[in-house]
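Here is the structure we will look at, set down as structure tokens.
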Amino acid sequence: MSLRNSLTLDKQEVTELLDNGTPYVIRFKMPEDRVVEMHDEIRGRVEVNTQVLDDKILFKSDGMPTYHLANIVDDHLMEITYVIRGEEWLPSLPLHVLLYEAFEWEAPVFAHLPLLLKPDGKGKLSKRDGDRLGFPVFPLQWTDPKNGEVSLGYREDGYFPEAFINMLALLGWNPGDEREFFTLEELVDTFSLDKVSKSGARFDQDKAKWFNHHYLVDKSNEELAQLFRPILDEKNINPGQKDIPYIIGLVKERVNFVQELWEQSSFFFLAPEEYDSKTVKKRWKTDSFTQMTELKNVLVQIDEFTSENTERTVKNWIEQKEYGMGMVMNAFRLLIVGAAKGPHLFDIIAVIGKEETLKRIDLGLNILGKKETVN
RNA sequence: GCACCGUUCGUCUAGUCAGGUCAGGACGCCAGGUUUUCAUCCUGGUAACACGGGUUCAAAUCCCGUACGGUGUACCA
């Protein structure tokens with residue numbers, strides 16, 4: 001089967017068709033049998049025989065150039081020296097090289113980057129995979145102007161720009177040593193095409209989270225407090241005199257994202273509304289009611305309600321009474337936090353203050369009551 | 001189908017060009033330690049050279065083949 005064009009038609013037919021305004025395209029006449037030698041910065045020498053290439057369309061029937069032509073002309077005019085693009089363009093490279101050659105233009109250096117693969121299964125990552133698996137594939141949230149479809153973005157998911165960039169840079173590239181944290185500036189200095197790997201890289205959400213955790217912990221408490229404040233507003237929390245940066249400092253190592261800060265710090269602002277049933281079962285024992293009642297009396301007498309002071313006093317009391325440290329502290333934590341989580345308990349009660357601490361003990365004592373028997 | 005590209009722990013990868021330490025690191029996972037809880041943190045562990053030939057004293061590394069995978073094969077980019 002051959003093309004019906006100026007090469008296969010005789011001159012008169014061609015003129016006739018042209019005069020009649022018959023739509024036509026302009027193609028690149030591919031050399032018959034030639035081995036095109038190309039160089040890719042990442043893959044090295046690549047060869048392909050023109051026999052397997054067809055006469056590509058350069059101008060569409062509407063007169064507009066195709067990507068292939070426009071790309072070469074545009075890059076040449078802009079004096080582009082490096083073309084760095086995804087591996088899916090590699091099969092088009094011979095055409096592009098031949099086009100530069102036909103124009104007698106100097107071709108730029110080409111580098112074809114490995115593809116980002118979907119986390120499960122095979123194939124390159126697509127927007128649909130993100131929607132399906134619940135993670136973003138775009139750096140920023142994006143709305144398709146055509147159909148209004150919204151795609152998730154890493155920024156909107158709570159990833160820091162520096163964490164995202166760091167994570168992405170290491171997908172398909174590495175510095176050749178064991179460093180793995182890079183600022184943008186360091187990447188600019190360190191990145192080189194010859195360290196780019198050839199095979200596709202699968203995105204790993206766990207590692208992305210780990211990067212974010214690293215950068216989050218690295219940020220100052222003040223900066224994180226600024227980011228956390230809108231969340232408090234949203235929850236209608238009035239922090240009063242509470243030192244938000246200090247609180248952030250106590251909990252930031254336990255989270256990967258700013259938005260997770262709330263569930264790790266809500267008890268600094270609100271008394272428990274319910275008590276985690278598993279923790280109750282495990283930590284609220286027969287003696288707990290009595291011990292907590294006694295503890296309350298101990299705490300009432302402390303004037304300087306600092307972390308160090310309450311800790312010393314409470315521990316002395318526990319030793320004196322020969323109660324179990326774990327026994328008392330876990331029950332105490334349950335009353336203050338409502339669950340078996342959170343930072344150093346004495347730090348927590350120092351923040352919420354003596355009055356609130358006593359209130360929460362009363363509240364818990366009322367709700368949990370006295371456990372009569374051990375089952 | 002054809003062409004091109006690729007293939008080291010579950011994942012990201014070092015090592016391959018200039019063959020020669022029990023194949024190294026990180027994430028994850030597991031165990032132990034620290035701790036009043038959870039998390040962090042520390043220590044340890046788990047786990048890979050796709051397969052088959054060849055070259056060589058010696059192959060993850062060089063050569064050939066096979067398998068598998070990816071991409072491309074649009075008047076898209």
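Chain identifiers are assigned alphabetically (A, B, ...) following the order of the sequence lines, protein sequences preceding nucleic acid strands; residue numbering begins at 1 within each chain. Below, all heavy atoms of this structure are taken into account, side chains as well, without hydrogens, waters or symmetry copies.
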Can you check ring pair (Phe, Tyr, Trp, His ring centres under 6.0 Å) on A/Y323 and A/W317, steps first, answer last? CA-CA 9 Å; A/Y323 289 152; A/W317 163 73; 5.5 Å; yes
Spacing of the [atom1] atoms in [M] and [N] (rounded, Å):
N	M	atom1	result
B/rU7	B/rU46	P	27 Å
B/rC17	B/rC62	C1'	11 Å
B/rC22	B/rG28	C1'	24 Å
B/rA67	B/rG24	C1'	29 Å

Practice task
For residues A/F182 and A/L187, determine if any side-chain heavy atom of one lies less than 4.5 Å from a side-chain heavy atom of the other.
Solution key: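 Counting from C-beta outward, A/F182 and A/L187 do come under 4.5 Å.
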* Asked: Donor-acceptor pair under 3.5 Å: do we get one between A/H344's side chain and the base of B/rU36?
  ->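 In this structure, the two groups form a donor-acceptor pair.
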Need one value for [X]: base, sugar-phosphate or nothing, where a base atom within 4.0 Å counts as base even if backbone is also close, heavy atoms only.
X	result
A/S199	sugar-phosphate
A/V25	base
A/E47	sugar-phosphate
A/G86	nothing
A/P23	nothing
A/T279	nothing
A/K195	sugar-phosphate
A/L170	sugar-phosphate

Checklist entry - Do A/N330 and A/R333 meet the criterion of a side-chain donor-acceptor pair at a distance under 3.5 Å? => result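 Their side chains do not contain a donor-acceptor pair, so the 3.5 Å distance test is not met.
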Looking just at side-chain N and O atoms, do A/D194 and A/S192 make a donor-acceptor pair shorter than 3.5 Å?
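Their side chains do contain a donor-acceptor pair, which is all the 3.5 Å distance test asks for.
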Q) For B/rU13, does either OP1 or OP2 sit under 4.0 Å from a side-chain N or O belonging to A/S197? A)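 Answer yes for this pair, as a side-chain N or O of A/S197 is under 4.0 Å from OP1 or OP2.
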> Just to confirm, is there a sub-4.0 Å distance from OP1 or OP2 of B/rC5 to any side-chain nitrogen or oxygen of A/R43?
Replying inline: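 No, outside the criterion.
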Between A/F160 and A/Y215, does the ring centre distance come in under 6.0 Å?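 No, the ring centres sit 6.0 Å or more apart.
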What's the closest nucleotide to the A/K124 side chain, out of B/rU71, B/rA3, B/rC27?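 My answer, after comparing the listed nucleotides, is B/rU71.
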